[in-house]
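Along the sequence shown, the residues carry numbers beginning at 1. Computed from a predicted structure; not experimentally measured.
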Amino acid sequence: MFERAFSGAPWETKAGYCRAVRAGSHIYVSGTVPVTPEGGVHAPGDGEAQAARCLEIIEAALHKLGADRRAIVRTRMFVTAIDRWEEFGRAHEAFFRGHPPATTMVEVARLVDPAMLIEIEAEAVAPPVEAGARGAGAAEAPAGAAQAGPAAAPRTAGR
């Protein structure tokens with residue numbers, strides 16, 4: 001059975017994806033950019049703050065799927081300026097202090113908005129959760145969001 005967490009980001013319906021998918025014990029979190037709850041770019045120009053915001057959004061999705069940051073085993077950071085790696089690294093280290101995952105940081109030409117300096121994706125492994133154990137918090141996918149097959153059970157997560 002698959003469970004899906006949607007954040008409500010406009011790109012989810014436009015590009016046909018969700019914030020995170022849980023398949024058994026494995027959770028895959030889509031590339032996450034530093035957006036505000038209103039949809040703007042969080043902390044333009046501040047690499048550390050943007051990385052921290054991405055990680056907050058990732059953890060919100062994990063919570064909806066029954067996990068937290070301690071379940072993350074791998075991250076991938078896509079940055080627009082690799083020479084600013086220390087800024088991104090500080091936020092990553094602070095978030096994962098005591099339980100660091102495997103990670104990769106690579107420079108990319110650009111992201112969806114020029115003010116975005118980083119995008120982070122994550123993979124987690126969490127103990128299995130029995131059906132219905134998470135209870136409240138389930139919500140339907142955003143209008144227009146495609147679901148893959150009959151096993152899809154949409155969930156909602158913070159931006």
### Task
Tell me whether the guanidinium CZ or amine NZ of R22 lies under 6.0 angstrom from the six-membered ring centre of F2 and within 45° of its axis.
no
### Task
Scan side-chain atoms only and decide if T103 and R76 contain a donor-acceptor pair under the 3.5 Å cut-off.
no
#### Entry: Non-hydrogen atoms of Q50 and A43 that approach each other most closely
NE2-O, 3.3 Å
### Task
Might you point out which heavy atoms bring P100 and G98 nearest each other, and give the distance in Å?
CD-C, 3.7 Å
### Message
Using every non-hydrogen atom in the two residues, find where A5 and A61 come nearest and quote the distance to one decimal.
### Response
CB-O, 4.2 Å
### Message
Working note: V79 + W85, criterion side chain to side chain contact (heavy atoms under 4.5 Å, CB included); need CA distance, chi angles, decisive distance, verdict.
### Response
CA-CA 8 Å; V79 302; W85 70 269; over 6 Å; no
### Query
Between CG of D46 and CD of E87, what distance do you get to the nearest 0.5 Å?
6.5 Å
### Query
Do the side chains of M105 and V73 join up, straight or via other hydrophobic residues, at under 4.5 Å, putting them in one cluster?
no
### Worked verdict on F96 versus I72 for side chain to side chain contact (heavy atoms under 4.5 Å, CB included)
CA-CA 9 Å; F96 291 109; I72 296 174; 3.7 Å; yes
#### Entry: Donor-acceptor under 3.5 Å (R69 side chain, F95 main chain)
yes
### From D83 atom CG to T80 atom OG1, the distance as rounded to the nearest 0.5 Å
9.0 Å
### Distance, nearest 0.5 Å, that separates SG of C54 from CZ of F88
9.5 Å
### Task
Measure the spacing between CZ of R4 and OG of S30 and express it to the nearest 0.5 Å.
10.5 Å
### E12 side chain vs S7 backbone, donor-acceptor pair below 3.5 Å
yes
### Check: S25 side chain, A23 main-chain N or O, donor-acceptor pair, under 3.5 Å
no
### Query
Applying the side-chain contact (heavy atoms from CB on, under 4.5 Å) test to I120, which of V33, I58, V29 qualifies?
I58
### Query
Do other residues, nucleotides or ligands put more than 12 heavy atoms under 6.0 Å from the CZ atom of R70?
no
### Message
T75 and side-chain hydrogen bond (donor to acceptor under 3.5 Å, both in side chains): which single residue from E121, E123, H92 fits?
### Response
H92
#### Entry: side chain to side chain contact (heavy atoms under 4.5 Å, CB included) evaluation trace for V125 with I27
CA-CA 6 Å; V125 178; I27 302 172; over 6 Å; no
### Task
Give the C-alpha distance, both sets of side-chain angles, the deciding distance and a yes or no for side chain to side chain contact (heavy atoms under 4.5 Å, CB included) between D68 and E59.
CA-CA 6 Å; D68 64 28; E59 189 164 46; 3.7 Å; yes
### Query
Taking R53 for the side chain and V35 for the main chain, is one N or O donor matched with an acceptor at less than 3.5 Å?
yes
## Note on the structure
For F6 and Y17, the nearest pair of non-hydrogen atoms, with its separation, is CE2-O, 3.9 Å
#### Entry: E86 with R90: basic N within carboxylate O range, under 4.0 Å
no
Show the atom names and distances, to 0.1 Å, of all donor-acceptor pairs under 3.5 Å that link a side chain in residues 107-118 to residues at least two apart or in another chain.
| unit_1 | atom_1 | unit_2 | atom_2 | d |
| --- | --- | --- | --- | --- |
| E107 | OE2 | I82 | N | 2.8 |
| D113 | OD1 | A115 | N | 2.8 |

